[in-house]
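Proteins come first, then strands; the chains are lettered A, B, ... in the order of their sequence lines, and each starts at number 1.
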Amino acid sequence: MNIYKELKDRGFIYQETDVENTEKILTEEKVTFYVGFDPTGSSLHVGHLLPIMGMRLLQQAGHTPIVLVGGATALVGDPSGKSSARPILTKENVAENAAALKEQLSRFISIDNAIFVNNIDWFEGVKYIDFLRDIGSKFSVNKMLAAESVKQRLETGISYLEFSYSLLQAYDFYILNRDHNCRMQFGGQDQWGNIVAGTELVRRMNGSQSCAMTFPLLLNSQGEKFGKTAGAAVWLDPERTSIFDYYQFWRNCDDADVGKLLCYFTNLPLAEINDLAALEAPAINRAKEILAYEATKLAHGKAEAEKAYLAACGKFGFADPKGDIITSSEVASIKSQAIEADLPTYEIASGELAGDGMWIVKLFTDCGLCKSNGDARRLIKGGGAYMNDERVSNMDQNLVEADFVDGSITLKAGKKNIRKIILR
RNA sequence: GGUGGGCUUCCCGAGCGGUCAAAGGGGGCAGACUGUAAAUCUGCUGCGGUAGCUUCGGUGGUUCGAAUCCACCGCCCACCA
């Protein structure tokens, strides 16, 4: 397999620093490469997934990934992106987040064949004057000002702190090149300026050639940033985004995006993806099922993916019950038999029903289906609230124990947001 | 440091001292239609078991009454130094 071609055909390559040699290096040698992650949260979300899938492909092709956790750079904040300042993280925070990151990454890449580093380890000992002399002297402000990410911020303003960010990221690459013979860097397309600064610094400091590539910024066909639903991120942590909802996120993608998403987020061969993406009318839904199943399997494992698939199909129907559509996905071997399982649940104690019972509006809020009582009330008024698949019309109603047939109730906000309320 | 401009609800942005929980747009949510899609149309979009309550960078003040006026502070932008 030609890994370079694979990456290219699947759409992973946005820009590359060394168009002539990258393919040669990737196909003829085994290299060590790195991708940086900001440890700003305790969980990754699907917005992080594209570089992870890229790493995965590279690792499977025999290259060695370095996962760099930006414990130091997170304290500075990359200017490319948001204008608001990032919250300052404590060292403990970063350590926790880094551990969580590693855990989640382990589902996508083999951590035994990967190197984990935290740039706080080398930045901590750096002396400012030394840094200025050794590293700062290698940078031309003229050039930095010309960088696209800086240019944009020049209009609205950029602090020196943020302006320096590319030096820090470049320094990372230099260290990794020196200590781990890391020769490639990958990152999001917004990282281009920082990444180029890195390859240049490596050349000047270590006298060695390095190269880099950026991944495209994922937008859905609407031109919106990918990875959010209901304005909130879709997390890999099942505590934050239930596996069912994770599955549903993929399942509900836009028709126009299925092919692209299959390329990025599944291992299915390209030829098959092209066929799936070309499916017409309702059959395209099978492609979405396959996407959702495969993506969920990667993030949460086969058993959970199967459960989510069957639970979702149980609710909404199977797109291809007879199995007419050919796929190499394991989903094909799952019997089209709906199971009532793995809906996101919420438990309440029977004590909460004491007295007058529990106000239905409050229950909608408590279980997370609505943001506030007002939100829940509006939902009911608008006819979007369901209890056991019947529209809730009376927002004053109180639920008592007798309402819990078999100890549970199913609430829905709209057709798709389900929560099973279990009485205990 | 000086001068000028700005800081409004998730975002952009309008806001005469009362009729402002605050126009309009975007986004989001829900309903109808569908294919658990898109497009379209409709409703909703601060909190509150609806009496009220808390918002317009912050703090004080003027006033019966302030997002709107004044003072100070903070932050951002532009030009000058």
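Counting only heavy atoms from C-beta on, A:D254 has its side chain closest to B:A37 among B:U36, B:A30, B:A37. Comparing atom distances between the A:W359 side chain and each of B:G49, B:G31, B:U36 picks out B:G49 as nearest. Set against B:G35, B:A38, B:A30, the side chain of A:L379 has B:A30 as its closest nucleotide. The listed nucleotides are B:U36, B:A37, B:G31; the one nearest the side chain of A:N252 is B:U36. Nearest nucleotide to the side chain of A:R251, out of B:A37, B:G35, B:U36: B:U36.
When both distances must be under 3.5 Å, the Watson-Crick or G-U wobble mate of B:A81 does not exist. Nucleotide B:C69: paired with B:G61 (Watson-Crick or G-U wobble, both distances less than 3.5 Å). In this structure, B:G74 forms a base pair with B:C7, meeting either the Watson-Crick or the G-U wobble geometry with both donor-acceptor distances under 3.5 Å. Base pairing of B:U55 is not made with any nucleotide, judged by Watson-Crick or G-U wobble geometry with both donor-acceptor distances under 3.5 Å. Checking B:A21 for Watson-Crick or G-U wobble geometry (two distances, each under 3.5 Å) identifies no partner in any strand. Applying the Watson-Crick and G-U wobble criteria (two distances, each under 3.5 Å), B:A32 pairs with B:U40.
At the heavy-atom level, A:A413 lies under 4.0 Å from the strands shown only through sugar-phosphate atoms. Note on A:R286: nothing from the nucleic acid sits closer than 4.0 angstrom, heavy atoms only. Within 4.0 Å (heavy atoms only), A:C370 reaches no atom of the nucleic acid at all. Contacts of A:D356 with the nucleic acid, taken as non-hydrogen atoms under 4.0 Å apart, are absent. Nucleic acid contact for A:K288: base, since at least one base atom lies under 4.0 Å from a heavy atom of the residue.
Residues A:Y128 and A:F131 place their aromatic rings such that the two centres sit no closer than 6.0 Å. The six-membered or imidazole ring of A:F186 lies away from that of A:Y34, with a centre-to-centre distance of 6.0 Å or more. Ring centroids of A:W250 and A:F265 are separated by less than 6.0 Å, placing the two rings close together.
The residues A:K288 and A:D254 are annotated as not salt-bridged, no charged nitrogen and carboxylate oxygen being separated by less than 4.0 angstrom. In this structure, A:R378 pairs ionically with A:D375, as a charged nitrogen and a carboxylate oxygen lie closer than 4.0 Å. For the pair A:K8 and A:E16, the salt-bridge criterion is met [side-chain N within less than 4.0 Å of a carboxylate O]. A salt bridge does not link A:K297 with A:E306: every distance from a Lys NZ or Arg NE/NH1/NH2 to an Asp or Glu carboxylate oxygen is 4.0 Å or more.
Across the C1' atoms, B:G25 and B:C76 are found 24 Å apart, a figure rounded to whole Å. Comparing the P positions of B:A30 and B:A39 gives an interatomic distance of 15 Å, to the nearest angstrom. Annotation: B:G58 and B:C11 have their C1' atoms spaced 23 Å apart (nearest Å). Separating the C1' atom of B:G13 from that of B:G18 is a span of 24 Å, rounded to the nearest Å. Comparing the same atom, C1', in B:U9 and in B:C44 gives a spacing of 16 Å after rounding to whole Å. For the C1' atom pair drawn from B:U50 and B:G17, the interatomic distance equals 29 Å after rounding to whole Å. If you take atom P in B:C10 and the same atom in B:G48, they sit 15 Å apart, rounded to whole Å. Going from the C1' atom of B:G15 to that of B:G24 covers 11 Å, rounded to whole Å.
For A:E352, the salt bridge (charged side-chain N to carboxylate O under 4.0 Å, His left out) test picks out no residue, with sequence neighbours left out.
In this structure, A:K416 atom NZ and B:G31 atom C1' are separated by 14 Å, rounded to whole Å. One interatomic measurement links the two molecules: CZ of A:F364 to P of B:G49, which rounds to 16 Å at whole-angstrom precision. One can place NZ of A:K362 at 13 Å from C1' of B:G48, the figure rounded to the nearest angstrom. Atom NZ in A:K260 sits about 15 Å away from atom C1' in B:A37, given to the nearest Å. Straight-line distance from the NZ atom of A:K415 to the C1' atom of B:G35: 14 Å, rounded to whole Å. Remark: C1' of B:U36 and OH of A:Y309 are 14 Å apart, rounded to the nearest angstrom. The separation between A:D255 atom CG and B:U36 atom P is 12 Å, rounded to whole Å. Rounded to an integer number of Å, the gap from CD of A:Q248 to C1' of B:G35 is 14 Å.
Counting non-hydrogen atoms of other residues, nucleotides and ligands closer than 6.0 Å to CG of A:D356 gives a total of 12 or fewer.
Each of A:Q397 and A:F316 was matched to the nucleotide of RNA chain B holding its nearest heavy atom; the match closer to the 5' end belongs to A:F316.
A:L105 CG to A:R56 CZ: the interatomic distance, rounded to the nearest 0.5 Å, is 12.0 Å.
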Produce the list of close N/O pairs, under 3.5 Å, pairing protein atoms with atoms of nucleotides 43-47 of chain B; give distances to one decimal.
{"unit_1": "B:C47", "atom_1": "OP1", "unit_2": "A:S372", "atom_2": "OG", "d": "3.0"}
{"unit_1": "B:C47", "atom_1": "OP2", "unit_2": "A:R378", "atom_2": "NH2", "d": "2.5"}

Under 3.5 Å between N/O atoms: give me all the protein pairs with nucleotides 52-56 of chain B, atom names plus distance.
none

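Seen from the ring of A:F116, A:K102 counts as a face-on cation partner, given the 6.0 Å and 45° thresholds.
In this structure, A:G54 and A:F215 approach most closely via the heavy-atom pair CA-CZ, 4.1 Å.
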